Amino acid sequence: MKTAKMNGQKKILIWLLAGLTCTSLFSCSKDLDQNPEQQIPTDEVFTSGPTALSALYGVYSRSQRPEVFGGQTQVIADFMADNSTYVGSSMSDINNFIASPTSSIISDMWRIHFDAIMGANAVVDKVPGIKDASFTATDRKMYVAEAKFMRAILYFDLLNLFSQPYQVSQGGAPGIPVVTASFDGTITYPARGTVNDVQAQIEKDLLDALPDLSDTFSDPMLARGRATKGAANALLSRLYLYREQWDKAAQYAKAVLDAPYYKLAGDYAFYDGNTREDVFSIQNTDTDPGNNGLAAYYRPTGVGGNGSCPFSPELIQAFSAEANDKRFAMSDEGTAANLEKRRFTLKFPDVTPAKDNVPMIRVTEMYLNRAEALAATAGVNQESIDLMNALRVRAGLTTWSINTFATGDELITAILNERRKELCFEGHRRMDVLRRGQSLRANDPEKKAGADRVILPIPQREIDLSPSLKGHQNPGY
C-alpha cells in the first residue's frame, strides 16, 4: 500500500468522515449547535455521546443517496439482468454493457459509497476514545457495531457491482480496495486484493458487530432503519449464500426467522410500512429532498415517473406461468420512456418526493435463503417445501409437496424462480443469476459470471489517482 501526506493537513473535515448532512430519520439533533459540515473538524465532532450519534446518523444519511442505497444500484441490478427492460437514456451504456470507465454515474457510485464508508470508519475509530462520563459503554459499543454493519453492507454492495462473484476462481478474482482506518491526513492507495479478502472483512465486521447491536428499537423507524442483530444475521446469511457456505447461510437465516421481531406479512401491504416483514430498510420521508428514488425509474411517465424500467418480457412470462399470482397484481400499465405501453411495478408509488422506504433486507429473503441452502445440501426436503409454501400461499398459489420435485436441482430451480418473483425490483436479480452460472440475458448466453463487462469498470479517475490501481482495470474496459 502506498501513502502520501497532505501538506498542512491538521484537521479532517467531517464530510470526508461522517457525512453529517442528515435527513428525515437520521436528522441531526436539534440540541446540537453545529457549524456547516464543511467547517466541522473531527476534534469537534467526536466529543460526546450526542455528537457521536450524529456522526453515526451521518453514515445512514449518506447511504440514502441515490448513488448508494437510494435506488440507482438496485435499478441497475435488475436491468443488467432480466427483470426489467431499461428504455431510458442516462444509463443505457450500463444496460448495453458498453459503459465507459469515465462514466460520471459509475464514478459517483464509487465515490459516494466510499464517502459513507469513511464515515463509518471514523465512528469505529473515534467513538471509543470520547471522554464523556454520560456516554454509556453500551451505547459506545452499539454505535461502533452499527458503523461496522454499515461498512459491511456498503462494501458488500460495491463488491457486487465491481467484482466477479465468488463462483469465479472461488473468490480469487480481483476485489475492491478496502480501507478500515479513519482518515488522518495521510492519503493511502490500497490495492484491490481478492473477492475473498473483501468478503472476509465483511464477515469480520458483521461477526464483530453482532454482540453489541441492539435487538430492536421501540420506534418502528429505528427498528427497521438502524442496524440490529437481525440485520447482521440476515446479511451474514446472504453473504454465506453467495459464497455457497450452505450450512451457515441456513443457520443465520434461521436466527432471523426465530427472532420475535420479524414475521412474514400476511399480504403485500407492508411496503413502506416498517412492519415485522422488514429487517433493514433505508428510511425516507416527506422531508427527504430529491425525486430520483426507486419510483422515478419504476413508475410510468403519466404519474410523474420517468418510465425507464418497466417489466421485462421474461419477468412477465415467469409470472404468467401460474395464474392469479398476487405479486403480479401489484403492477399496472402506463407509458414508458420510449412511449410504449408497458407494465410497471406498484411496489414504490411515491415519485415526488421520493419518500418510499428502500427494502434492503426483508424476512421473505430469509425464507428463500434457508430453503435454497437446505436444498443445496439435502436435496428435496420437507423444510424447504414448507418455507416455500408459506410464500406461495401468500401469493395465492397452490402449495408444493415433497413429491412435486424429482431432484434437488429441480427444487432449487423452483426456489430461484420464486426468489425472482418475490424480490423483483429490489436489487437481487443480477447476483442471483451470476452466482448460479446463468446468463444475465436470455438472448446472450455469454453474459455469465467471469465474462467481460458483466461487472462495472473501476472509475478511470480512481485509476489515474491511485498508483495501486494502475494496470488493474476490470477486463474488457
Side-chain angles (χ1 to χ4, degrees), residues 77 81 149 152-153 156-157 159-160 164-168 170-171 195-196 198-200 202-204 206-207 210 229-259 262-264 277 279-280 359-395 399-402 404-424 426-438 449:
F149 171 86
I153 198 170
F156 192 80
D157 196 47
L159 184 70
N160 292 339
Q164 295 285 354
Y166 165 81
Q167 287 71 22
V168 176
Q170 297 297 286
V195 169
N196 282 333
V198 184
Q199 291 182 336
I202 294 168
E203 179 186 39
K204 181 178 186 303
L206 294 172
L207 293 175
L210 258 177
K229 282 183 171 65
N233 281 322
L235 189 55
L236 280 164
S237 176
R238 190 188 297 176
L239 172 67
Y240 292 133
L241 189 80
Y242 284 16
R243 289 183 57 81
E244 299 180 2
Q245 294 177 256
W246 307 119
D247 288 344
K248 288 185 175 180
Q251 171 192 340
Y252 283 92
K254 189 174 188 297
V256 180
L257 296 176
D258 287 347
Y262 312 106
K263 182 181 180 180
L264 191 72
E277 170 78 26
V279 179
F280 181 65
M360 298 296 295
I361 307 172
R362 294 198 282 118
V363 72
T364 294
E365 184 193 347
M366 298 302 104
Y367 278 73
L368 292 159
N369 287 6
R370 184 163 173 82
E372 181 183 344
L374 292 175
T377 56
V380 180
N381 68 95
Q382 190 62 52
E383 185 174 354
S384 290
I385 298 293
D386 291 343
L387 288 164
M388 298 312 301
N389 280 340
L391 304 183
R392 288 179 60 79
V393 167
R394 181 173 69 174
T399 57
W400 296 340
S401 76
I402 199 74
T404 303
F405 306 99
T407 67
D409 286 343
E410 286 184 11
L411 174 57
I412 290 172
T413 297
I415 291 170
L416 291 171
N417 188 49
E418 291 299 312
R419 186 180 183 93
R420 178 186 196 178
K421 293 184 290 182
E422 280 284 350
L423 303 179
C424 57
E426 297 177 36
H428 293 262
R429 181 61 176 169
R430 175 177 166 274
M431 285 303 297
D432 286 336
V433 170
L434 290 176
R435 68 184 176 84
R436 279 294 178 174
Q438 301 168 2

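Since this is a predicted model, take the numbers as computed values, not measurements.
Between M388 and Y367, every side-chain heavy-atom pair lies at or beyond the 4.5 Å cut-off. Under the 4.5 Å side-chain criterion, counting only non-hydrogen atoms from C-beta, L236 is not in contact with K248. Using a 4.5 Å cut-off on side-chain heavy atoms (C-beta onward), F405 and I385 make contact. In this structure, T407 and V380 have side chains that are not in contact, with every pair of non-hydrogen atoms separated by 4.5 Å or more. A 4.5 Å side-chain heavy-atom check between L423 and R429 finds every atom pair outside the cut-off. Annotation: side chain of D432 is not in contact with side chain of R420 (no heavy-atom distance under 4.5 Å). Residues Q251 and N233 have side chains not in contact (no heavy-atom distance under 4.5 Å, counting atoms from C-beta outward).
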For the pair E372 and R436, evaluate salt bridge (Lys or Arg N to Asp or Glu O under 4.0 Å) and give the outcome as yes or no after the intermediate values.
CA-CA 12 Å; E372 181 183 344; R436 279 294 178 174; 2.8 Å; yes
Run the salt bridge (Lys or Arg N to Asp or Glu O under 4.0 Å) test on R370 and E383 for me, step by step, so that the C-alpha distance in whole Å, both residues' side-chain angles and the decisive distance to 0.1 Å come before the verdict.
CA-CA 9 Å; R370 184 163 173 82; E383 185 174 354; 2.6 Å; yes
Using salt bridge (Lys or Arg N to Asp or Glu O under 4.0 Å), reason through K263 and E277 one step at a time and then give a plain yes or no.
CA-CA 5 Å; K263 182 181 180 180; E277 170 78 26; over 6 Å; no
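In this structure, R362 pairs ionically with E426, as a charged nitrogen and a carboxylate oxygen lie closer than 4.0 Å.
W246 and Y240 have their aromatic ring centers separated by at least 6.0 angstrom.
Here CG of N160 is found 15.0 Å from OH of Y166. Values are rounded to the nearest 0.5 Å.
Residue N369 is tested with R238, K254, R419 for a side-chain hydrogen bond (donor to acceptor under 3.5 Å, both in side chains); the sole match is R419.
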